[in-house]
**Q** 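A single structure is presented below for examination.
A, B, ... follow the sequence lines: proteins, then strands. Residue 1 opens every chain.
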Number of protein chains: 2
Amino acid sequence: MKIDPDSAKDLSAQIASAIRDAIVSGDLPVDKRLPSESELAEQFNVSRPTVREALKRLAAQSLIRTQRGATGGAFVNRLKFEDAYGQQITTSTLLLSMNAVSFRTACEARYALERACAPLAATRRSPDHLATMRAEAHRQAQPGLTDEAFCASDVAFHRALVDAAGNPVLSYQLAGAVEAMQPLMNMITFSARDRAKIIDLHNRIADAIDAHEAQSADTLLAELADYTQSLAESVFAERAAKKT
Amino acid sequence: MKIDPDSAKDLSAQIASAIRDAIVSGDLPVDKRLPSESELAEQFNVSRPTVREALKRLAAQSLIRTQRGATGGAFVNRLKFEDAYGQQITTSTLLLSMNAVSFRTACEARYALERACAPLAATRRSPDHLATMRAEAHRQAQPGLTDEAFCASDVAFHRALVDAAGNPVLSYQLAGAVEAMQPLMNMITFSARDRAKIIDLHNRIADAIDAHEAQSADTLLAELADYTQSLAESVFAERAAKKT
DNA sequence: AATTTTCATTTGTCAGACAATTAACCGTCT
DNA sequence: AGACGGTTAATTGTCTGACAAATGAAAATT
């Protein structure tokens, strides 16, 4: 771990990189305690505040956790899927909002990924996942539901579908895409007829997954994707027309 | 932005959260300059080092960038896809290694995602992407190629395939999965016969994408997935047998 | 008018100090 | 001996104050 004081990067960034590399390479195993802040400061030949800034950078990525007290210190953190979800959602949300990714692009990505899960879900779905899917579809049919609540339930339905695939890597990858899209979805107003159509598709998707019919689920998802796209387009077109 | 000194969390973590929320909600727009560290310290009623730790946390997530000098300060950063790639790859790599995700699971996820891209790639592929795919397939056929170089070329081939789908969100999502898997792939030794089979599939996939034949590309990818799985299994089985 | 110098502002870094927390250690009492 | 309680040392969290380095703007000079 060598530090170049003349580098363009901050010292704290360099130190963070050095430690991060050690973690990613497996050099520092999970739950290994790092040297104390004072020792690190001595090793890297910097002051303690600088070391602390480096450690906070790593903590922000959930790479380490810190504990106070006599036996405390900074420990290499076992990255949980749960931790990764949060970061992925933050990152995806900002990517979508800051880079003006079109609804079309985001929607396309989301449904493409979901269709990738469908065959696996059709094979492995548990009663649990099916129950969630059906419960959400039922909730969506309740009268007086706000658009926001409808969207939230929609997200829950699709998360259950993805989780049914039984592949944590896929669940993790998709969580970001699905949840990050919620703000965009919330911009849409769903009429009663729109909702009925979507709920019908949800129910038929649940049926297909239930019956292990992968091909049928895929077709239905494609139909749902198309319908969502057209819905969004008409909403945006109408909004654009009102402006003039 | 209120800070609770009695909270379980560190002050710097609370301050980082407050600012992060303001950014994600759009309250702080891109390129907006934050107050200076001294001003923030006064606003939050903490010392400057504490504020700095909070800012470093945000910098670690590429949410802000800082600049020295008279007109310097911390600015809300426009998150680039490129920045997001790096974080995604780090996170995915650690998730796979720390949580002992099986090769089977990782491989399944990767090919499921790739197959989701195939239909789009078949529609939109540019000569550029096709050229890359063919170049990499050709490179893979060169004699004397190390296993590692073969894997690297494999990654390049598949990245081109994904990029050919022309959807940056998909590219971003998949970059993590594909690159994070490389360490796992590097554990495999590819015999000449294995390589020949893989290269043949790569060529046929490129042909299918070239000819806009989505269905055919999908089938070939499925075949490649199966073959990779069986290859890995036999390698691992052989290794296990040698141990005894 | 163009150029150079000065200056104010801001981040980067350092040194030292104290508070808060926590587990281990030690002594006392039962 | 064992349980209980106080002490202590180690470690992170926070604060204060200071100086260095960078940088653009303003002022002074040519």
Side-chain angles (χ1 to χ4, degrees), chain A residues 1-20 23 28 30-77, chain B residues 1-20 23 28 30-77:
Chain A
M1 300 192 191
K2 279 173 192 170
I3 299 303
D4 170 20
D6 297 334
S7 163
K9 285 204 292 185
D10 293 350
L11 289 179
S12 69
Q14 291 180 56
I15 293 170
S17 285
I19 299 177
R20 178 166 33 241
I23 294 175
L28 289 172
V30 169
D31 290 335
K32 173 89 174 183
R33 182 182 175 281
L34 300 183
S36 73
E37 294 175 352
S38 314
E39 286 170 325
L40 286 172
E42 202 174 349
Q43 281 182 31
F44 287 114
N45 213 14
V46 298
S47 68
R48 212 186 124 210
T50 302
V51 167
R52 281 182 62 79
E53 287 178 10
L55 294 181
K56 294 313 166 200
R57 294 178 117 105
L58 299 175
Q61 297 180 296
S62 307
L63 296 187
I64 61 170
R65 62 178 185 280
T66 55
Q67 201 177 3
R68 288 220 268 205
T71 59
F75 298 84
V76 177
N77 196 29
Chain B
M1 298 193 192
K2 278 174 191 170
I3 299 304
D4 170 21
D6 297 334
S7 164
K9 286 205 293 186
D10 293 344
L11 288 178
S12 69
Q14 291 179 55
I15 294 170
S17 286
I19 299 176
R20 177 165 35 240
I23 294 175
L28 289 172
V30 168
D31 289 335
K32 172 89 175 182
R33 182 182 175 280
L34 299 184
S36 74
E37 295 175 354
S38 313
E39 285 170 325
L40 285 173
E42 202 175 349
Q43 280 182 32
F44 287 114
N45 212 15
V46 299
S47 68
R48 194 161 78 100
T50 302
V51 167
R52 281 183 62 78
E53 287 177 10
L55 293 180
K56 294 313 165 201
R57 293 178 117 108
L58 299 176
Q61 296 180 295
S62 307
L63 296 187
I64 62 169
R65 62 178 186 280
T66 56
Q67 201 178 1
R68 289 220 264 205
T71 60
F75 299 83
V76 177
N77 196 29

**Q** Between D:dA10 atom P and A:Arg48 atom CZ, what is the distance in whole Å?
**A**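 After rounding, the reported distance stands at 15 Å.
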
**Q** Tell me which of A:Ser47 and B:Ala74 sits closer to the 5' end of DNA chain C, going by the nucleotide each one is nearest to.
**A**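 First, find each residue's nearest nucleotide; the 5'-ward one identifies B:Ala74.
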
**Q** For B:Phe75 and D:dT23, give me the distance from atom CZ to atom P, rounded to whole Å.
**A**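 To the nearest whole Å, that distance equals 12 Å.
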
**Q** Taking salt bridge (charged side-chain N to carboxylate O under 4.0 Å, His left out) as the definition, give me every residue that meets it alongside A:Arg33, ordered by chain and number, with sequence neighbours left out.
**A**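 Result, salt bridge (charged side-chain N to carboxylate O under 4.0 Å, His left out) vs A:Arg33: none returned.
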
**Q** Provide, to the nearest angstrom, the distance between the CD atom belonging to B:Glu42 and the C1' atom belonging to D:dT16.
**A**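 The answer, rounded to whole Å, is 15 Å.
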
**Q** The criterion is side chain to side chain contact (heavy atoms under 4.5 Å, CB included); which residues satisfy it with B:Arg68, sequence neighbours excluded?
**A**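 With sequence neighbours excluded, B:Arg68 shows a side chain to side chain contact (heavy atoms under 4.5 Å, CB included) to no residue whatsoever.
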
**Q** B:Leu11 CG to D:dG13 C1': how many Å, rounded?
**A**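 Between C1' of D:dG13 and CG of B:Leu11: 8 Å.
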
**Q** Keeping the roles fixed (side chain from B:Arg65, backbone from B:Val76), state whether a donor-acceptor pair exists under 3.5 Å.
**A**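 Yes; judged by distance alone, with no hydrogens or angles, the pair exists.
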
**Q** Output the rounded distance in Å from CZ (A:Arg52) to P (D:dT11).
**A**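 Between P of D:dT11 and CZ of A:Arg52: 14 Å.
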
**Q** Between B:Leu40 and B:Ile15, is there a side-chain heavy-atom distance shorter than 4.5 Å?
**A**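 No. Closest side-chain heavy atoms not under 4.5 Å.
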
**Q** Going by the salt bridge (Lys or Arg N to Asp or Glu O under 4.0 Å) test, which pairs reach into residues 38-53 of chain B, not counting sequence neighbours?
**A**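 Residue pairs with at least one partner in residues 38-53 of chain B: A:Arg52-B:Glu53, A:Glu53-B:Arg52, B:Glu37-B:Arg48, B:Glu37-B:Arg52.
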
**Q** Expressed as a whole number of angstroms, how long is the span from A:Leu55:CG to D:dG13:C1'?
**A**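 Value for this atom pair: 12 Å.
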
**Q** Could you identify which residues of residues 57-71 of chain A place a heavy atom less than 4.0 Å from some atom of DNA chain C, listed by residue number, or say none?
**A**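 Residues of residues 57-71 of chain A that come under 4.0 Å of DNA chain C are, in numerical order, A:Arg68, A:Gly69, A:Ala70, A:Thr71.
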
**Q** So, does B:Lys9 get its side chain near the phosphate of D:dG13, meaning an N or O under 4.0 Å from OP1 or OP2?
**A**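 For D:dG13, OP1/OP2 do not have a side-chain N/O of B:Lys9 under 4.0 Å.
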
**Q** What are the bounds, 5' to 3', of the part of DNA chain C that sits under 4.0 Å from heavy atoms of chain A?
**A**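 Footprint of chain A along DNA chain C, 5' to 3': C:dG12 to C:dA23.
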
**Q** With sequence neighbours left out, what residues match A:Thr71 under side chain to side chain donor-acceptor pair (under 3.5 Å)?
**A**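 Here no residue qualifies.
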
**Q** Sequence neighbours left out, what passes side chain to side chain donor-acceptor pair (under 3.5 Å) with B:Ser47? Give chain and number order.
**A**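 So B:Ser47 forms a side chain to side chain donor-acceptor pair (under 3.5 Å) with B:Thr50.
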
**Q** The criterion is side chain to side chain donor-acceptor pair (under 3.5 Å); which residues satisfy it with A:Asp10, sequence neighbours excluded?
**A**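 Here no residue qualifies.
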
**Q** Tell me every residue that passes side chain to side chain donor-acceptor pair (under 3.5 Å) with A:Thr66, counting only those two or more places apart in sequence or in another chain.
**A**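 Expected list: none.
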
